[in-house]
Amino acid sequence: MEFVERTFHIGKISFPYIPGYFSFREGEGTIRAYQKLSNKPDLLMINACGVTHPANAGFASHIGVVLDKPTIGITKRMFCGRAKIPQKENEAQPLYDGGKQRGWLLKVLSETKPIVITVGHRTSIKSCLEITIKCLKGSKMPEPLRLAHRCAGEEKKKWGKSSGT
DNA sequence: GCGACAG
DNA sequence: ATCTTGTCGC
């Protein structure tokens with residue numbers, strides 16, 4: 001795995017942060033940034049929920065449908081669903097919501113809380129976990145998300161207050 | 001029933 | 001997300 005390209009978008013936020021309604025706040029900016037990519041990826045890792053959502057369609061799922069692209073949703077804490085908490089490093093526990101498994105809790109590092117991995121769009125329970133694990137590179141969060149987050153921070157510093165992660 | 005609640 | 005001191009590990 002190696003870095004290929006990065007793009008970003010700066011615009012005015014026109015919707016407040018309301019858990020459950022991410023798409024309205026960050027949808028446009030995310031799509032704009034995606035459209036600027038010269039190399040379109042085969043899959044998107046989104047820092048938000050997938051199908052573990054009150055409407056079974058969190059931001060990761062929503063963006064996957066809009067862009068017609070497979071997605072995986074990864075967050076630092078659960079929004080919906082129930083799961084046993086993995087204690088041992090490398091341990092994964094199934095995350096259930098709406099009567100079926102929709103993701104995992106993965107204890108990446110022994111000293112930090114597990115990350116939440118959820119099916120977004122056109123990915124499976126099995127593939128979302130496998131792909132995420134393949135993207136781990138020593139940090140709690142998978143490398144693509146870590147780099148994207150760092151990139152956002154850099155641009156934010158250059159342009160001042162105006163973005164949204 | 002109440003509190004908590006992806007970024 | 002944002003603010004923000006001191007502390008810990010590679």
Side-chain angles (χ1 to χ4, degrees), chain A residues 6-34 43-67 69-86 89-90 92-98 100-121 123 125 128-129 131-132 135-165:
Chain A
R6 69 183 237 186
T7 60
F8 61 93
H9 173 76
I10 294 183
K12 189 176 186 301
I13 291 298
S14 55
F15 198 84
Y17 165 65
I18 302 175
Y21 300 88
F22 266 29
S23 304
F24 296 100
R25 178 185 172 84
E26 318 208 350
E28 185 186 343
T30 302
I31 290 171
R32 288 275 172 80
Y34 177 84
L43 177 148
L44 298 173
M45 284 184 99
I46 307 291
N47 184 347
C49 292
V51 294
T52 50
H53 180 274
N56 292 328
F59 184 53
S61 302
H62 191 159
I63 213 71
V65 172
V66 172
L67 299 176
K69 189 71 62 178
T71 63
I72 296 173
I74 297 182
T75 62
K76 291 175 183 166
R77 50 185 189 182
M78 269 193 286
F79 180 44
C80 289
R82 261 185 58 181
K84 289 181 183 173
I85 308 299
E89 187 171 327
N90 245 337
Q93 288 290 345
L95 168 59
Y96 299 97
D97 189 39
K100 56 180 291 190
Q101 186 183 356
R102 300 182 186 275
W104 307 85
L105 255 58
L106 177 64
K107 182 79 171 173
V108 179
L109 302 176
S110 59
E111 62 275 14
T112 56
K113 294 200 305 184
I115 60 173
V116 184
I117 302 169
T118 68
V119 167
H121 181 59
T123 47
I125 293 291
C128 75
L129 178 61
I131 292 169
T132 300
C135 291
L136 256 25
K137 207 172 174 182
S139 300
K140 169 178 180 173
M141 294 297 273
E143 201 63 4
L145 285 181
R146 218 202 74 211
L147 292 178
H149 190 264
R150 191 165 66 63
C151 170
E154 289 174 7
E155 299 302 337
K156 211 176 294 184
K157 210 165 191 174
K158 291 183 201 168
W159 294 77
K161 274 192 165 197
S162 41
S163 62
T165 305

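Just so it is clear: chains get the letters A, B, ... in the order the sequence lines come, proteins before strands, and each one is counted from 1. The figures that follow rest on heavy atoms only: side chains count, while hydrogens, waters and symmetry mates do not.
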* **A/Pro142 vs A/Leu136 side-chain heavy atoms within contact, under 4.5 Å** => yes

* To do: Look at the side chain of A/Thr123 and the backbone N and O of A/Cys128, then say whether any donor-acceptor pair between them is shorter than 3.5 Å.
  => no

* Basic-acidic side-chain contact under 4.0 Å: A/Lys157, A/Glu154 -> no

* Does A/His149 have a side-chain nitrogen or oxygen under 4.0 Å from the phosphate oxygens OP1 or OP2 of C/dA1? -> yes

* Asked: Do the non-hydrogen side-chain atoms of A/Tyr34 and A/Leu44 ever get within less than 4.5 Å of each other?
  -> yes

* Would you write out the dot-bracket form of DNA chain B, 5' to 3', with Watson-Crick and G-U pairs under 3.5 Å, [ ] for crossing pairs, | for pairs to other strands and . for unpaired bases? -> .......

* Side-chain heavy atoms of A/Ile115 within contact of A/Lys140, under 4.5 Å -> yes

* Structure fact -> From the list A/His9, A/Arg150, A/Arg6, side-chain contact (heavy atoms from CB on, under 4.5 Å) with A/Glu155 holds only for A/Arg6

* Indicate yes or no: at least one non-hydrogen side-chain atom of A/Arg102 is less than 4.5 angstrom from one of A/Val119. => no

Between protein and nucleic acid, restricted to nucleotides 1-6 of chain B and to nitrogen or oxygen atoms under 3.5 Å apart, what atom pairs and distances do you find?
from	atom 1	to	atom 2	distance (Å)
B/dA6	OP1	A/Arg77	NE	2.6
B/dA6	OP1	A/Arg77	NH2	2.4
B/dA6	OP2	A/Tyr17	OH	2.2
B/dA6	N7	A/Gly20	N	2.9
B/dA6	N6	A/Gly20	N	3.3
B/dA6	N6	A/Gly20	O	3.2
B/dA6	N6	A/Tyr21	N	3.3
B/dA6	N6	A/His53	NE2	3.3
B/dA6	N1	A/Phe59	N	3.1
B/dA6	N3	A/Cys49	N	2.8

* To do: Measure across A/Ala60 and A/Thr71 and return the closest heavy-atom pair with its distance rounded to 0.1 Å.
  => O-OG1, 2.8 Å

* Quick one: A/Lys140 NZ to C/dC8 P, roughly how many Å, whole number? -> 20 Å

* **Validation row: A/Trp104, A/Pro94 side chains within 4.5 angstrom (heavy atoms)** => yes

* Given atom CD1 of A/Ile13 and atom P of C/dT2, what is their separation to the nearest angstrom? -> 11 Å

* **Nucleotide-level pairing of DNA chain C, given in dot-bracket where Watson-Crick and G-U pairs need both distances under 3.5 Å and | marks other strands** => ..........

* **Distance test, side-chain N/O of A/Lys156 to OP1/OP2 of C/dA1, below 4.0 Å** => no

* Are A/Val51 and A/Asp97 close enough that some pair of their side-chain heavy atoms sits under 4.5 Å apart? -> no

